[in-house]
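Here the structure comes first, spelled out in structure tokens, and everything after it is commentary.
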Amino acid sequence: MTLIWDLQHFPEQARGGAVSVGNFDGVHQGHAALVSQLTSLARDISGPSVVITFDPHPAALLRPGSEPIALTELPRRAELLSDLGVDFVAVCQTNQALLNLSPREFFEQILIGQIGMRGIVEGPNFFFGKSRGGDTHTLARYCQPLEIPFHIVEATNTDGGMVSSTEVRRRIAAGDISQANLLLTAPYQLSGIVTHGDGRGKQLGFPTANLEQIRTLIPAHGVYATRVTVADKPYAAATHIGPNPTFDPLGTPKVETHIIDFSGDLYDQSLAVEFIDGIRTITRFNSVGELIAQLHLDIDAARRLTGYSL
């Protein structure tokens, strides 16, 4: 899979394929159903499968401050889409000129002119062009005289309702990681840069990687069973999100990951943390001894929930 950062220089090998346009944030089961149809159409027309996504989210320009917190950074989004079989992920740089394009202009200039689209797949709630003026009926009307096949993929539903990035975001924000993962195509992941903390975890015998510069949604305060990969080796981990009420009740919330059975220096490196399930809520302990006893239980739980045992 190739990640294309500039539609102005769209590679020839990515032209003439089946296209789907959307944010695809999180890459959930609904996206997977759409991509299945996209790759099938690409085979039918003997062209590549291409996903067009946006950076930043259009709401960042239309309604600054109202845009949803991202679930995936673009490289992670492209990786997940590639795992589903997408050939190319292209980033449409969101600016005022793009947002001012009418539905007809977006269709002709972007989809036909720059991308060379020969087929398209979208969900039923697809809108495009200035003020979201175009919908699936508009798109069908534009495609018909050009004999461009257009498939609509119905929304994916679960017992809890429609699968959407909004619902995934709600579950993660509430700390319901296992429930969020049911909607995703891969466990939820966030990444950041490992920085120096106060060293308290190391003093207690449980050194942690303190993550900063996190650009995606951080789950609710709590302790989670997580996985990390360092130098191509997977490890179980226990990740603490929030303040440390035992030592500093009013302290700044942090994201701290104890990588089980790992010893090494990760400072200033990027670390991706894959969330598997919740372990417990944040608790104030009456003594350091009580805290250490609980940390041992947290590690046992992390091993069990991640499937990594001694």
Side-chain angles (χ1 to χ4, degrees), residues 25-28 69-73 76 80 165 167-195 197-198 200-202 204-230 233-248 251-262 266 269-285 290-310:
D25 195 14
V27 189
H28 53 62
I69 301 174
L71 297 170
T72 47
E73 294 189 72
R76 171 65 172 169
L80 293 171
S165 298
E167 177 60 19
V168 172
R169 199 172 284 111
R170 185 192 69 77
R171 295 184 184 192
I172 291 170
D176 295 333
I177 294 297
S178 61
Q179 293 302 306
N181 284 342
L182 291 176
L183 305 184
L184 296 170
T185 59
Y188 184 66
Q189 182 186 103
L190 59 77
S191 62
I193 302 299
V194 179
T195 63
D198 54 25
R200 187 174 290 118
K202 186 176 182 179
L204 297 175
F206 303 89
T208 60
N210 299 271
L211 296 186
E212 295 185 1
Q213 301 180 39
I214 298 170
R215 297 183 177 87
T216 52
L217 179 63
I218 298 175
H221 292 178
V223 178
Y224 297 89
T226 55
R227 288 193 293 240
V228 301
T229 298
V230 180
K233 181 177 179 179
Y235 293 88
T239 297
H240 177 284
I241 297 177
N244 191 325
T246 301
F247 296 102
D248 189 6
T252 302
K254 298 178 181 179
V255 178
E256 303 173 287
T257 295
H258 172 68
I259 307 174
I260 302 169
D261 302 326
F262 172 80
L266 296 174
Q269 297 182 41
S270 177
L271 184 69
V273 180
E274 192 176 60
F275 284 73
I276 306 303
D277 206 346
I279 294 176
R280 63 176 174 87
T281 59
I282 300 297
T283 305
R284 182 183 183 279
F285 296 92
E290 285 187 13
L291 172 59
I292 291 175
Q294 181 60 57
L295 292 177
H296 282 293
L297 294 175
D298 294 343
I299 289 172
D300 289 342
R303 289 186 189 278
R304 173 174 50 81
L305 291 168
T306 59
Y308 294 156
S309 57
L310 288 171

Would you find a donor on one side and an acceptor on the other, under 3.5 Å apart, between the side chain of Thr306 and the backbone of Arg227?
-> no

pair Val255-Asn210: side-chain heavy atoms closer than 4.5 Å | no

Between the side chain of Ser165 and the main-chain N/O of Asp25, is any donor-acceptor distance below 3.5 Å?
-> yes

Where is the tightest heavy-atom contact between His28 and Leu183, given as atom of each residue plus distance?
-> CB-O, 3.1 Å

Taking Tyr224 for the side chain and Ile241 for the main chain, is one N or O donor matched with an acceptor at less than 3.5 Å?
-> no

d(Ser191 OG, Leu271 CG) to nearest 0.5 Å is 8.5 Å

Could you tell me how the ring of Phe206 sits relative to the ring of His258: parallel (under 30°), tilted (30 to 60°) or perpendicular (over 60°)?
-> perpendicular

May I ask you to decide whether Asp261 forms a salt bridge with Arg303, counting only side-chain N to carboxylate O separations under 4.0 Å?
-> yes

For residues Ala302 and Ala225, report the shortest heavy-atom separation together with the two atoms involved.
-> CA-CB, 3.9 Å

For Ile69, does its backbone N or O pair with a side-chain atom of Arg169 as donor and acceptor, under 3.5 Å?
-> yes

Spatial distance of atom CD1 (Ile292) from atom CG (Leu297) [nearest 0.5 Å] | 12.5 Å

From CD1 (Ile218) to CZ (Phe275), nearest 0.5 Å = 8.5 Å

Taking every heavy atom of Leu266 against every heavy atom of Val194, the minimum-distance pair comes out as O-CB, 3.3 Å

Does a side-chain heavy-atom distance below 4.5 Å link Asn181 with Asp277?
-> no

In this structure, which one of Thr239, Val223, Ile299, Thr226 forms a side-chain contact (heavy atoms from CB on, under 4.5 Å) with Ile279?
-> Val223

If we only count heavy atoms from C-beta on, is the Val228 to Val273 side-chain gap below 4.5 Å?
-> yes

Any chance you could measure Leu295, atom CG, to Phe285, atom CZ, to the nearest 0.5 Å?
-> 7.0 Å

Heavy-atom closest pair, residues Leu184 and Val168 | CD2-CG1, 3.7 Å

Hey, could you give me the OG1/CD distance between Thr229 and Glu274, rounded to the nearest 0.5 Å?
-> 7.0 Å

Taking C-beta and beyond as the side chain, do Gln294 and Arg280 meet within less than 4.5 Å on heavy atoms?
-> yes

Would you name the heavy atoms of Thr72 and Gly26 that are closest together and state the gap between them?
-> OG1-N, 3.2 Å

Does the Thr216 side chain pair with the main chain of Leu190, one donor and one acceptor, at a distance under 3.5 Å?
-> no

Looking only at heavy atoms, the pair that brings Leu305 and Gly278 closest together is CD1-O, 3.9 Å

